[in-house]
Asker: 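Here's a structure for you.
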Amino acid sequence: MSCKYMDGDTIAAIATPAGESGIGIVRISGPDALSVLASVFRDKHGRSRASFESHKMYFGKVVSRDGEMVDQVLAAAMLSPNSYTGEDVVELHCHSGRVVLRSVLELVLEHGVRLAEPGEFTRRAFLNGRLDLAQAEAVADVVHAKTKQSLKLALNGLSGRLSAEVSALRDRLIQVVAHIEAEIDFPEDDIDELAVNSLRGIIAETISDIEGLLNKAASGRVYRDGVSVVIAGRPNVGKSSVFNAIVKERRAIVTDVPGTTRDVIDEYVSLSGVPVRLMDTAGIRETEDVVEREGVSRSRESLDQADVVLYVVDASSLGQSYDATDDERTLSSIPRDQTILVLNKIDLVQGTVDEAPFGELTPPAVVKTSAVTGAGLVELEGQIVDLVVRENLSAGEAVVTNVRHEDALRRAKKHLEDALGATDRDTPLDLVVIDVREGLNALGEITGETVDDDIIDRIFSDFCVGK
Ligand code: GDP
């Protein structure tokens, strides 16, 4: 494989997170990586080495220009083209501490190496054909994966499942373009009606495959980005108890999303692999109390942003004398198909429960629970997942999880529909081919074949330095 960047400069960065830990890695990539390694590295006998075998670890130390030890390290060289970036790559596995890593990095930078920009290693991997753009974006998804299921989908993307599918669609369209252009080049031949029909068939099939990918994209995004589930209802119906019961069952997942407000408490949980931000709100009811009113208004705000609302009611209090005013007011202000009615405290109910206590305002999804005995909580979890994951995603299939890819697919579909419509209206083939080409270009944006530099810049600037 050729390396477009072999003439370029050599870059370096600390590739592991800041802080004290067992190992921290300084990564170097570019044409001078090996000579820098030779200059800074001494083996355990204090000798310098002229050459390094690819993909082998060398134990020794990093020394400054005047021979002073900076750290004891394991060094590895990955020779071009068999490296992450496709260039010569060197990794110095140091002890991880702020001063140690900075000292090693500074030493490396003294050898004419420049500090890498955010995402520059992965960008070079892309430019050298080691990864396509969709795979490069999947690197970030792997790093940020919130649940095991999110990780599985990200690894799917990284191994090129989506890219392969998109390439197959493009190959088909390239054939269509070639075919049409041949027809255009030889206008003296009558256009073969059969040939046009078969082109139409190929375009239609491609549109339907794109639709297949788009249908699953919303679910893909759910696993990648997660959803917010807000628990609402009047005071004392058991909202906090339901919240705690779910949080206790489902291990909280680590996140760096900033914290809580006084009135809305949140926790991150994994529900069947869906990353969920679960929020408990202050009870919503009409109130004169100023402090409570503030809580209520914040609760309403979080309701507006919820993907799913768990509307909790005390099932044991339902009956003739039940005043449904507050419930009905809230239920009428949130979308029914995003709401699950939770009939809680079912353990206190003797006999049957009215499962449609709010008439037409009762959402289609209803679950009976007891936060005390745990009854119904598994079913509740299933209902939440069903509401947000509309399509089953089977392991190993190509799944779109990225808004940029989704947008490109939508545009590709639109152009191909225009092309198909044009063939129906006997539009000249040289106009049809323009639409097919546009479709082809839109698909090419996903893998990066046809994408503007500023989009590439934006994608990689979201990465951190060292990636
Ligand atoms: P919130 O104000 O809606 O958050 O309600 P809490 O979770 O604080 O619960 C109010 C009261 O109801 C507490 O005494 C809970 O122990 C009780 N509670 C909550 N859920 C249940 C339930 O499912 N069954 C029973 N028996 N009591 C419950």
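Note that ligands are numbered from 1 as they come in the structure, with each ligand's atoms numbered from 1 the same way. None of the values given here were measured: they were computed from a predicted structure. All residue numbers refer to positions in the sequence shown, counting from 1.
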Asker: If you count the atoms of ligand 1 from 1 in the order shown, which ones are under 4.0 Å from a heavy atom of Asn236?
Answerer: 1 (P), 2 (O), 3 (O), 5 (O), 10 (C)
Asker: May I ask you to list the atoms of ligand 1 that are less than 4.0 angstrom from any heavy atom of Ala371?
Answerer: 20 (N), 22 (C), 23 (O)
Asker: Tell me, please, whether Phe121 has Arg27 positioned over its six-membered ring: NZ or CZ under 6.0 Å from the ring centre and within 45 degrees of its axis?
Answerer: yes
Asker: Just checking, is any N or O donor in the side chain of Asp435 or His415 under 3.5 Å from an acceptor N or O on the other one?
Answerer: no
Asker: What atoms of ligand 1 come within less than 4.0 Å of a heavy atom belonging to Leu348?
Answerer: 26 (N)
Asker: Relative to the heavy atoms of Val372, which atoms of ligand 1 are at a distance of less than 4.0 Å?
Answerer: 21 (C), 22 (C), 23 (O), 24 (N), 25 (C), 26 (N), 27 (N), 28 (C)
Asker: Please report whether ligand 1 has a polar contact with Ile346, defined as an N or O pair separated by less than 3.5 Å (distance criterion only).
Answerer: no
Asker: Under 4.0 Å from any heavy atom of Ser241, which atoms of ligand 1 are there?
Answerer: 6 (P), 7 (O), 9 (O), 15 (C), 19 (C), 20 (N)
Asker: Which atoms of ligand 1 sit under 4.0 Å from any heavy atom of Lys239?
Answerer: 1 (P), 2 (O), 3 (O), 4 (O), 5 (O), 7 (O)
Asker: Atom 11 (C) of ligand 1: which protein heavy atom is closest, and how many Å away?
Answerer: Lys345 NZ, 3.8 Å
Asker: Once you round to the nearest 0.5 Å, how far does CG of Leu310 lie from CE of Met279?
Answerer: 10.5 Å
Asker: If you have a sec, work out which protein heavy atom is nearest atom 20 (N) of ligand 1 and how many Å separate them, to one decimal?
Answerer: Asn344 ND2, 3.1 Å
Asker: Mark yes when over 12 heavy atoms from residues, nucleotides or ligands other than Ile455 sit less than 6.0 Å from its CD1; otherwise mark no.
Answerer: yes
